[in-house]
Amino acid sequence: MPTILGQNQYGKAENRVVKITRDGATHHIKDLNVSVALSGDLEEVHYSGSNANCLPTDTTKNTVYAFAKEYGIESAEQFGIHLARHFVTSQEPIQRARIRIEEYAWERIETSDANSKFIGADEVKHSFVRKGQEVRVTQITYDGEKWEVVSGLKDLVVMNSTNSEFWGYIKDKYTTLQEAYDRILATQVSGRWRFNWTDDEQKMPNWEKSYEQVKKHMLQAFAETYSLSLQQTLYQMGSRIINNRGEIDEVRFSLPNKHHFLVDLEPFGLKNDNEVYYAADRPYGLIEATILRDGCEARIPVDMTNL
């Protein structure tokens with residue numbers, strides 16, 4: 001045979017599942033986008049078209065919805081662990097499962113107080129508005145023995161309107177950028193962090209608390225770092241997470257520098273004292289790096305496009 005089969009996987013991608021938990025009149029929402037990828041003893045389906053070892057992707061879709069009902073959705077990580085374990089342990093040909101999940105957050109709409117003219121407005125606990133901030137993500141991989149959980153977020157836009165400089169860089173004949181001693185620092189954070197929970201004998205992290213704490217430390221580091229470069233800020237963000245969250249061994253960030261350039265108002269006889277900026281969407285500097293707990297090995301892919 002002149003060719004052989006290499007790495008392969010299959011599954012149902014982007015299963016949109018919304019779970020409403022009704023606690024009396026108070027409702028709670030979990031809104032997920034779940035992608036399933038399975039691999040294992042699947043050579044024959046490629047070589048001969050035999051589906052004997054193939055679990056239909058439609059079945060994987062149905063499993064996502066059934067598990068939302070049977071087990072609920074405590075967290076994206078916990079839901080993904082349930083799914084991965086099921087696919088690997090219930091189907092002998094399936095030896096590895098990868099579950100990727102995006103979570104879209106909702107927050108409760110604040111309604112009128114009890115003294116409002118709208119009768120019963122203070123009892124409304126089932127109305128929500130979609131948060132316009134980050135998308136929470138997680139990837140769970142299971143091979144029947146070991147787990148790898150990499151969680152994170154994307155599309156979180158942050159800005160410091162001062163306490164940022166950029167100067168002392170290399171200059172050559174193509175350099176036109178002026179040194180800045182008071183600039184806007186803004187970025188759209190894409191970050192992933194790898195947990196050191198790898199087997200069922202270990203105590204499982206509190207996934208919801210961990211996410212909130214990681215985000216808190218990340219944002220505090222961004223706000224509290226007097227930045228001489230976005231690279232410096234990135235390192236401080238990752239270090240703050242590693243130093244405060246013992247369940248995490250590795251953090252990787254991809255930070256586009258959302259440039260804000262001072263507008264030249266001199267032609268109009270106006271002085272621009274760091275007040276009016278032009279927000280440029282492209283091209284942009286892209287700063288990426290991994291921060292590790294000392295002694296740990298990097299496993300998060302350098303290219304996080306599909307993670």
Side-chain angles (χ1 to χ4, degrees), residues 7 9 11 13-15 30 32-39 64 73-88 95-105 134-156 188-200 202-219 221 234-235 237-255 287-307:
Q7 193 280 335
Q9 61 192 34
E14 300 202 37
N15 302 280
K30 281 290 187 179
L32 307 183
N33 188 16
V34 182
S35 293
V36 177
L38 308 176
S39 55
V64 170
I73 302 176
E74 178 185 316
S75 67
E77 288 86 354
Q78 187 66 60
F79 190 62
I81 288 168
H82 276 309
L83 288 168
R85 191 192 305 277
H86 167 78
F87 290 125
V88 171
Q95 299 163 2
R96 184 175 184 269
R98 187 196 69 201
I99 313 296
R100 286 178 173 169
I101 301 177
E102 294 183 346
E103 179 176 346
Y104 312 114
E134 82 275 9
V135 174
R136 179 175 170 178
V137 298
T138 190
Q139 175 177 287
I140 295 94
T141 306
Y142 183 54
D143 64 4
E145 295 182 0
K146 294 294 184 181
W147 297 93
E148 183 180 78
V149 180
V150 178
S151 295
L153 55 79
K154 61 181 181 179
D155 300 333
L156 179 63
Q188 182 169 308
V189 180
S190 178
R192 305 291 186 275
W193 43 91
R194 179 174 55 82
F195 292 88
N196 48 40
W197 179 80
T198 58
D199 65 68
D200 290 314
Q202 297 174 266
K203 182 180 178 181
M204 190 178 294
N206 182 324
W207 305 111
E208 296 291 275
K209 179 180 179 181
S210 180
Y211 179 82
E212 293 301 324
Q213 289 295 307
V214 167
K215 181 182 173 184
K216 180 190 78 172
H217 290 301
M218 179 186 69
L219 291 178
L234 181 155
Y235 184 76
M237 291 163 65
S239 295
R240 186 84 67 99
I241 294 169
I242 295 289
N243 289 333
N244 285 278
R245 302 307 306 175
E247 72 273 23
I248 293 170
D249 281 350
E250 177 184 6
V251 180
R252 182 165 180 81
F253 285 118
S254 178
L255 303 183
I287 313 302
E288 300 177 304
T290 297
I291 301 89
L292 293 162
R293 189 177 300 281
D294 190 20
C296 294
E297 178 184 348
R299 296 178 185 170
I300 299 175
V302 170
D303 184 357
M304 300 192 302
T305 305
N306 295 312
L307 178 59

Correct closest heavy-atom pair for Ile140 and Ala76 would be CD1-O, 4.2 Å
Would you call Glu77 and Arg100 a salt bridge, taking side-chain N to carboxylate O under 4.0 Å as the test? no
List the atom of Val214, the atom of Ile241, and the distance in Å for their closest heavy-atom pair. CG1-CD1, 3.7 Å
Tightest non-hydrogen contact, residues Gly191 and Phe253, listed as CA-CD2, 3.6 Å
Before you tell me yes or no, could you show the steps for Trp197 and Ile81 under side chain to side chain contact (heavy atoms under 4.5 Å, CB included), namely the whole-Å CA-CA distance, both residues' side-chain angles and the distance that decides it to 0.1 Å? CA-CA 12 Å; Trp197 179 80; Ile81 288 168; 3.8 Å; yes
Evaluate whether atom CD of Glu14 has more than 12 neighbouring non-hydrogen atoms of other residues, nucleotides or ligands under 6.0 angstrom away. no
Heavy atoms of Leu234 and Ile287 approach each other most closely as CD1-O, 3.8 Å
Under the salt bridge (charged side-chain N to carboxylate O under 4.0 Å, His left out) criterion, do Glu134 and Lys215 qualify, and how do the steps go? CA-CA 10 Å; Glu134 82 275 9; Lys215 181 182 173 184; 3.0 Å; yes
Distance-only donor-acceptor check, side chains Thr290 and Glu250, under 3.5 Å: no
What's the spacing between Ile242 CD1 and Ile291 CD1 if we round to 0.5 Å? 7.5 Å
Say you draw a straight line from CZ of Arg85 to CD1 of Ile99; how long is it, rounded to the nearest 0.5 Å? 12.0 Å
Going from CZ on Phe87 to CG on Leu38, what distance comes out if it is rounded to the nearest 0.5 angstrom? 6.0 Å
Check this for me, if you would: do Glu247 and Lys209 make a salt bridge, where the nitrogen-to-carboxylate-oxygen distance has to be below 4.0 angstrom? no
Test item: Ile101 and Asn33 side chains (from C-beta on) under 4.5 Å apart, heavy atoms: no
Carboxylate-amine/guanidinium proximity below 4.0 Å for Lys154 and Glu102: yes
With sequence neighbours excluded, what pairs up with His82 under the ring pair (Phe, Tyr, Trp, His ring centres under 6.0 Å) test? Tyr71
Quick one: does Gln78's side chain get under 4.5 Å of Met204's, heavy atoms only? yes
Check: Ser254/Ser190 side-chain N/O donor and acceptor closer than 3.5 Å: no
Donor-acceptor pairs under 3.5 Å, side chain of residues 295-303 to any protein atom, not counting sequence neighbours: which ones?
unit_1: Asp303; atom_1: OD1; unit_2: Thr305; atom_2: N; d: 3.0
unit_1: Asp303; atom_1: OD1; unit_2: Thr305; atom_2: OG1; d: 2.4

Whether Arg192 side chain and Leu153 backbone form a donor-acceptor pair below 3.5 Å: yes
Donor-acceptor pair, side chain of Ser239 and main chain of Tyr235, under 3.5 angstrom: yes
Spatial distance of atom OG (Ser75) from atom OH (Tyr211) [nearest 0.5 Å]: 12.5 Å
Keeping the roles fixed (side chain from Arg252, backbone from Trp193), state whether a donor-acceptor pair exists under 3.5 Å. no
Any salt bridge (charged side-chain N to carboxylate O under 4.0 Å, His left out) involving residues 142-152? Give me the pairs, sequence neighbours left out, ordered by first then second residue. Lys146-Asp199
Does Tyr104, at its OH atom, have more than 12 non-hydrogen atoms belonging to other residues, nucleotides or ligands within less than 6.0 Å? yes
Is the distance from the ring center of Trp147 to that of Phe195 below 6.0 Å? no
Looking at Arg293, is its backbone amide N or carbonyl O close enough to the side chain of Asp249 to form a donor-acceptor pair, meaning the two atoms are under 3.5 Å apart? no
Step by step, work out the side chain to side chain contact (heavy atoms under 4.5 Å, CB included) result for Met218 and Leu156. CA-CA 11 Å; Met218 179 186 69; Leu156 179 63; 3.7 Å; yes
Validation row: Ile248, Ser210 side chains within 4.5 angstrom (heavy atoms): yes
Check step by step if side chain to side chain contact (heavy atoms under 4.5 Å, CB included) holds for Val149 and Thr138. CA-CA 7 Å; Val149 180; Thr138 190; 4.0 Å; yes
Could you check whether any side-chain N or O of Glu212 sits under 3.5 Å from a backbone N or O of Glu208, counting only pairs where one atom can act as donor and the other as acceptor? no
Distance in Å, Arg136 CZ paired with Asp155 CG, rounded so as to fall on 0.5 Å steps: 15.5 Å
Taking atom CD as the centre, does Gln9 end up with more than 12 heavy-atom neighbours from other residues, nucleotides or ligands that are less than 6.0 angstrom away? yes
I'd like to know whether Val137 forms a side chain to side chain contact (heavy atoms under 4.5 Å, CB included) with Glu103, so could you lay out the CA-CA distance, the side-chain angles of the two residues, the decisive distance to 0.1 Å, and finally the verdict. CA-CA 6 Å; Val137 298; Glu103 179 176 346; over 6 Å; no
